[in-house]
Amino acid sequence: MHTFNSTSRLLTGVLAATTLLLSACDKGNGSDGPPTPSAGVNYAVSTVGGAYPSQTTYIQGLTDLNGTTLDTKNATEQASFAAMWNYKQAVYMSKFAAPATLTKYTFDPATGRPVGAGRLVVPGANTFSDVQFVSDTEAYASVGGGLARLVKFNPTTFVTTGEISLAKLQKTGARSIYYLGSMVRDTKLFWGVYYENDSYGPLTDSAHVAVIDLPTGKVERVISDGRTGRVFSSGAVECFSKDANGDIYVQGDGTNKVPSGVLRIKAGETRFDPTYFFDLKAATGKDCKGLYHFGNGLAFTTRIEEPNDSYETKGPNYRYYKLDLNAKTSGGALPNLPLIFGSQSSLVRKFDNESLLLSVNTKSQNSLYQYKLSDGTVTKKMDLPGLLTGLAKLN
């Protein structure tokens, strides 16, 4: 089994080159020059330039996000489309190229440039599809594009310390198995599983999530729910979210037989809550992809405007929608925003109590927009030099 094929471009625009993200560029405190050396590095941002397969990922550390335009003058490059994960003061990047390699970067506080701090290599695979950090010494990563494996490693020393057997996750008739989307809670690791048939479609019409016990390092079971299907997002499009109570929300893309929707795994439990289902198709009028939750029910997704073009071969086809996970209702499309390449990036980030930041990538612009929490107004904040694939606050 392997984790990726050409139809997977849905994730980040290159799961044909896979589900990944990251890169960046900037002029620092504004459009006037590089970050002030004494200010340090507080953010990591990444963009991708070029057309598949000739793409380049740019990675850079920034003092702040106050500028109106970013460039790539102070960025470090990686060939190909690369994905980014963040843990504390470092970012971890994976590009699509055998062998699967996860590169750790810290940041020079004087220049903001990334500094290589280690590599994790898994032979037999092409890329890392998802990464979850538990502590300074414990992390987990799934790889695909060849051998499908879920490895345990030390993110400080970058030494592989174990492997999770995936034998319990196999299913007869599956041409490929994708391990995308994940969440850690207490002593359990929840990992999305998507089974694909020989026609590159869903093998089943259910959502599947593996429940892994961390102390023993074993898959306990696979939980399934037929109210939605296809848990199939990672990187710059997220489908797992956890609230302050410890409830986990999982977004499924749906299939031809079941709608896109949101399931819940209540705190302390390892099953889908039978009393909770948010039908995104019924609430918004069309199927949706992605989930970003910010507490008190406030959440966002992207609606697929033309149902037959979820891979966006004809151009941008996704629109941001506001949700209330508690009431299970839609607040409608966000104002003043164009259609975006939502299958490639729909990042939504919250770095303060005033606003959210949203990635907006179209044929003519790559930008960061600001959503004001007090009144829901949306305005452009910053122009970017390419597709936004990673944005993190370092802490």
Side-chain angles (χ1 to χ4, degrees), residues 12-13 21 24-27 30-31 43 45-48 62 64-71 233 236-238 241 251 260 262 278 280-281 283-307 309-310 312 314-325 327 329-393:
T12 54
L21 42 145
C25 330
D26 148 89
K27 289 190 175 181
S31 305
Y43 298 89
V45 62
S46 66
T47 55
V48 170
L62 306 177
D64 55 50
L65 300 174
N66 295 333
T68 58
T69 303
L70 300 184
D71 60 36
S233 294
V237 182
E238 299 176 3
S241 180
Q251 187 267 327
S260 60
V262 180
F278 186 0
L280 293 177
K281 186 173 185 178
T284 68
K286 296 181 180 179
D287 280 315
C288 301
K289 184 172 183 65
L291 180 67
Y292 302 89
H293 181 206
F294 300 98
N296 298 319
L298 177 65
F300 297 85
T301 188
T302 54
R303 191 177 82 165
I304 305 171
E305 297 301 291
E306 171 49 58
D309 193 25
S310 62
E312 300 181 296
K314 302 175 184 177
N317 189 35
Y318 288 62
R319 189 180 300 281
Y320 280 111
Y321 266 69
K322 180 181 177 181
L323 305 173
D324 185 329
L325 291 187
T329 57
S330 168
L334 295 190
N336 304 320
L337 286 177
L339 289 177
I340 66 167
F341 282 111
S343 66
Q344 302 176 33
S345 174
S346 63
L347 291 175
V348 184
R349 294 289 183 260
K350 183 176 185 289
F351 297 139
D352 58 45
N353 294 323
E354 304 298 324
S355 63
L356 305 175
L357 299 177
L358 304 88
S359 64
V360 173
N361 305 289
T362 73
K363 284 185 175 181
S364 60
Q365 71 164 311
N366 294 288
S367 305
L368 195 62
Y369 275 65
Q370 180 173 274
Y371 173 93
K372 195 172 181 180
L373 289 167
S374 62
D375 58 14
T377 57
V378 181
T379 56
K380 183 190 288 189
K381 179 176 179 63
M382 183 184 297
D383 286 316
L384 304 172
L387 177 78
L388 181 67
T389 54
L391 179 62
K393 188 172 184 178

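- By the neighbour-count criterion of 12 heavy atoms within 6.0 Å, atom CG of N353 is sparsely surrounded, having that number or fewer from other residues, nucleotides or ligands.
- Counting heavy-atom neighbours within 6.0 Å of D309 CG, excluding the residue itself, gives a total above 12.
- Panel note: side chain D64, backbone N66; a donor-acceptor pair is recorded below 3.5 Å.
- Looking at every heavy atom in both residues, E354 comes nearest to D352 through N-OD1, 2.8 Å.
- Two residues are said to be in side-chain contact when any heavy atoms from C-beta on lie closer than 4.5 Å; F300 and L356 meet this criterion.
- Atoms CG and CG, on L358 and L334 in that order, are 6.5 Å from each other to the nearest 0.5 Å.
- Between the CG atom of L387 and the CG atom of N366 there is a distance of 6.0 Å, given to the nearest 0.5 Å.
- Taking the side chain as every heavy atom from C-beta outward, Q251 and L280 approach each other to under 4.5 Å.
- From K286, atom NZ reaches atom OG of S260 across 12.0 Å, with rounding to the nearest 0.5 Å.
- Atom CG of L339 and atom CG of N361 lie 12.5 Å apart (nearest 0.5 Å).
- For the residue pair S345 and S359, a side-chain donor N or O sits within less than 3.5 Å of a side-chain acceptor on the partner.
- Side chain of Y292 to main chain of S346: a donor-acceptor pair is present (N/O by atom type, distance under 3.5 Å, no hydrogens or angles).
- Aromatic rings of Y371 and Y320 (six-membered ring for Trp) have centroids beyond the 6.0 Å cut-off, not under it.
- Shortest non-hydrogen contact noted between P385 and L70 is CD-O, 3.7 Å.
- K289 and S343 share no side-chain donor-acceptor pair at under 3.5 Å.
- Taking each heavy atom of V237 and G290 in turn, the nearest pair found is CG1-CA, 4.1 Å.
- By the side-chain contact (heavy atoms from CB on, under 4.5 Å) test, K380 pairs with Q365, S367, Y369, D383, sequence neighbours left out.
- Of all heavy-atom pairs between Y321 and S330, the closest is CD2-OG, 3.5 Å.
- C288 has its side chain out of reach of Y318: every pair of non-hydrogen atoms, C-beta onward, lies at least 4.5 Å apart.
- Of all heavy-atom pairs spanning A299 and L325, the tightest one is CB-CG, 3.7 Å.
- L298 has its side chain out of reach of H293: every pair of non-hydrogen atoms, C-beta onward, lies at least 4.5 Å apart.
- Note that CG of L323 is 8.0 Å distant from OG1 of T284, once rounded to the nearest 0.5 Å.
- Summarising the geometry, atom CG belonging to N296 is positioned 9.5 Å from atom CG belonging to D324; distances are rounded to the nearest 0.5 Å.
- Looking at E305 and R303, a side-chain N of the basic residue comes within less than 4.0 Å of a carboxylate O on the acidic one, giving a salt bridge.
- Between V262 and L291, the closest side-chain pair of non-hydrogen atoms falls below 4.5 Å.
- The environment of K281 atom NZ is sparse: at most 12 non-hydrogen atoms of other residues, nucleotides or ligands sit within 6.0 angstrom.
- Between P338 and V360, the closest side-chain pair of non-hydrogen atoms falls below 4.5 Å.
- Between V348 and L357, every side-chain heavy-atom pair lies at or beyond the 4.5 Å cut-off.
- In this structure, T379 and Q370 have side chains that are in contact, with non-hydrogen atoms separated by less than 4.5 Å.
- In terms of heavy atoms, G342 sits closest to E312 at N-OE2, 3.1 Å.
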(request) Verify side-chain contact (heavy atoms from CB on, under 4.5 Å) between L388 and L347, making sure each step is shown before the conclusion. (result) CA-CA 8 Å; L388 181 67; L347 291 175; 4.3 Å; yes

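- Electrostatic pairing of E306 and R319 does not count as a salt bridge here, judged by no charged N lying under 4.0 Å from a carboxylate O.
- For K322, the NZ atom sits in a loose shell: 12 or fewer heavy atoms of surrounding residues, nucleotides or ligands are nearer than 6.0 Å.
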(request) Kindly determine whether L373 and K350 satisfy side-chain contact (heavy atoms from CB on, under 4.5 Å), including the steps that lead there. (result) CA-CA 10 Å; L373 289 167; K350 183 176 185 289; 3.9 Å; yes

